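A short worksheet on the structure shown next.
Just so it is clear, the model here is predicted, and its values are computed rather than measured.
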Amino acid sequence: MTLNALEITEITEFGKPLAGQVAIVTGGSRGIGAAIAKELARNGAIVAINFVSGFEKAESVVKEIEAQGGTSFAFQSDVSKSEDVQNFIQAVKDRFGKIDILVNNAGITRDRTFRKLSTEDWNEVIDVNLNSVYHTTSAVIDHMLEQKYGRIINISSIIGQAGGFGQTNYSTSKAGMLGFTKSLALETARSGITVNAICPGFIETEMVGAMPENVLESIVSKVPMKRLGTTKEVAEAVLFLAQAEYITGQAINVNGGLYM
Ligand code: NAD
C-alpha cells in the first residue's frame with residue numbers, strides 16, 4: 001500500500017509528541033521565547049505568539065515555523081495590559097478552538113541599584129514580568145479546567161532564586177513567579193493541569209548581550225560549565241515539561257551549575 005502525501009503528513013504529525021496541541025508563548029518573537037515557539041512547533045504543536053512592537057520579528061518566527069510545515073500566528077498584545085491579553089487569548093481560541101500549553105516568557109529588565117530605582121522602573125518590571133502572569137493565566141485557566149488538561153510553564157530566572165545586584169525589581173518579579181507556580185500547582189493538581197517554572201541562568205540573548213563585556217566575562221568564569229546557556233537548551237526544558245505528566249510545582253534550573 002502506498003500512502004499519499006496527505007496521509008504521510010498526517011502520520012508524521014501524529015508521530016510528534018505535541019501533535020494536536022495548541023501552545024501560547026508570550027514574547028515569542030525573539031530570544032528564548034522564539035526558541036521555545038520553534039521547539040514546540042517542531043514537536044507538533046500549533047503555536048501562537050504575541051508581540052508589542054517589532055511585527056517583523058514576530059512574523060519571521062511565524063514564517064520559519066510555517067516553512068517547516070507547522071502552524072503559527074502572531075498577535076499584537078502587551079502582556080502587562082489585562083484587556084490586551086484577553087483579546088490575544090480570545091483570538092487564539094477563536095482560531096484554534098483550544099489552548100493546551102501556556103508559556104509565560106515575556107520579560108524585561110530595568111536594572112538600577114535600589115536607591116536609584118524609580119517607581120516607574122519598579123512598576124514596569126512588576127507589570128510586564130509578574131502581573132502579566134496573572135493576566136494570561138486567569139484568561140486561560142477556566143478553559144484548561146473545563147478540558148481537564150493544561151501545561152503552564154513560567155520562565156523565571158536564577159535571579160529570582162539567588163538575587164542580583166541592581167535587580168531588586170527583576171528579582172522580586174521572578175521570585176514571585178515561583179510562589180505563583182507552586183500555589184497554582186496545588187490548586188490545579190487534581191484537574192490535569194501542571195504548573196512549573198524554569199529558572200535559566202545566563203543565556204546567550206540580546207538581554208544578556210546588552211551587559212558590559214567585563215561583567216559577562218566575570219559571570220562566565222563563575223559558571224561551573226564555563227559558558228553561557230543557549231536558547232535551545234531552555235526550549236528543550238520547556239518541551240520536557242510540556243510532556244511531563246507527574247511533575248508539578250517545580251522549578252527546573254537551566255544554568256550550567258551556577259546555582260544548585
Ligand atoms: P528578550 O528581551 O530577548 O525577549 C523578551 C521578549 O518579551 C521579547 O519578545 C519582547 O518583545 C517581549 N516583551 C517584552 N515586554 C513585553 C510586553 N509588555 N508585552 C508582550 N511582550 C513583551 O529576552 P530573553 O533573554 O529572550 O528573555 C526571555 C525570558 O527569559 C524573560 O522573561 C527573561 O526574564 C527570562 N530570562 C532570561 C535570561 C537570559 O539570560 N537571557 C535568564 C533568565 C531568565
Would the distance check show the side chain of [X] and the main-chain N or O of [Y] forming a donor-acceptor pair, the cut-off being under 3.5 Å?
X: Gln68; Y: Gly70; value: no
X: Ser218; Y: Asn214; value: no
X: Asn129; Y: Ile108; value: yes
X: Gln76; Y: Val52; value: yes
X: Lys182; Y: Val195; value: no

* To do: Kindly give the heavy-atom pair with the smallest separation between Val25 and Ala37, and that separation in Å.
  => CG2-CA, 4.1 Å
Note, [X] side chain near [Y] side chain (heavy atom, < 4.5 Å):
X: Ile203; Y: Ile32; answer: yes
X: Asn50; Y: Asp84; answer: no
X: Phe73; Y: Ile46; answer: no
X: Thr194; Y: Ile247; answer: no
X: Leu239; Y: Leu18; answer: yes
X: Thr231; Y: Glu204; answer: no

Can you confirm whether the side chains of [X] and [Y] place a donor and an acceptor under 3.5 Å from each other?
X: Gln86; Y: Ser82; answer: yes
X: Gln161; Y: Asn253; answer: yes
X: Asp127; Y: Asn131; answer: yes
X: Asn87; Y: Glu83; answer: no
X: Ser156; Y: Asn154; answer: no

* Carboxylate-amine/guanidinium contact Lys57 Glu206, below 4.0 Å -> yes
* **Carboxylate-amine/guanidinium contact Glu39 Arg42, below 4.0 Å** =>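 The answer is yes: the pair qualifies as a salt bridge.
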* **Parallel, tilted or perpendicular: rings of Phe75 and Phe88 (30°, 60°)** => parallel
* For Asp121, side-chain hydrogen bond (donor to acceptor under 3.5 Å, both in side chains) partners two or more places apart ->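 Applying side-chain hydrogen bond (donor to acceptor under 3.5 Å, both in side chains) to Asp121 gives Arg112, Ser118.
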* Given Asn43 and Gln243, is the side-chain contact (heavy atoms from CB on, under 4.5 Å) satisfied, shown in steps? -> CA-CA 11 Å; Asn43 283 278; Gln243 297 174 79; 5.6 Å; no
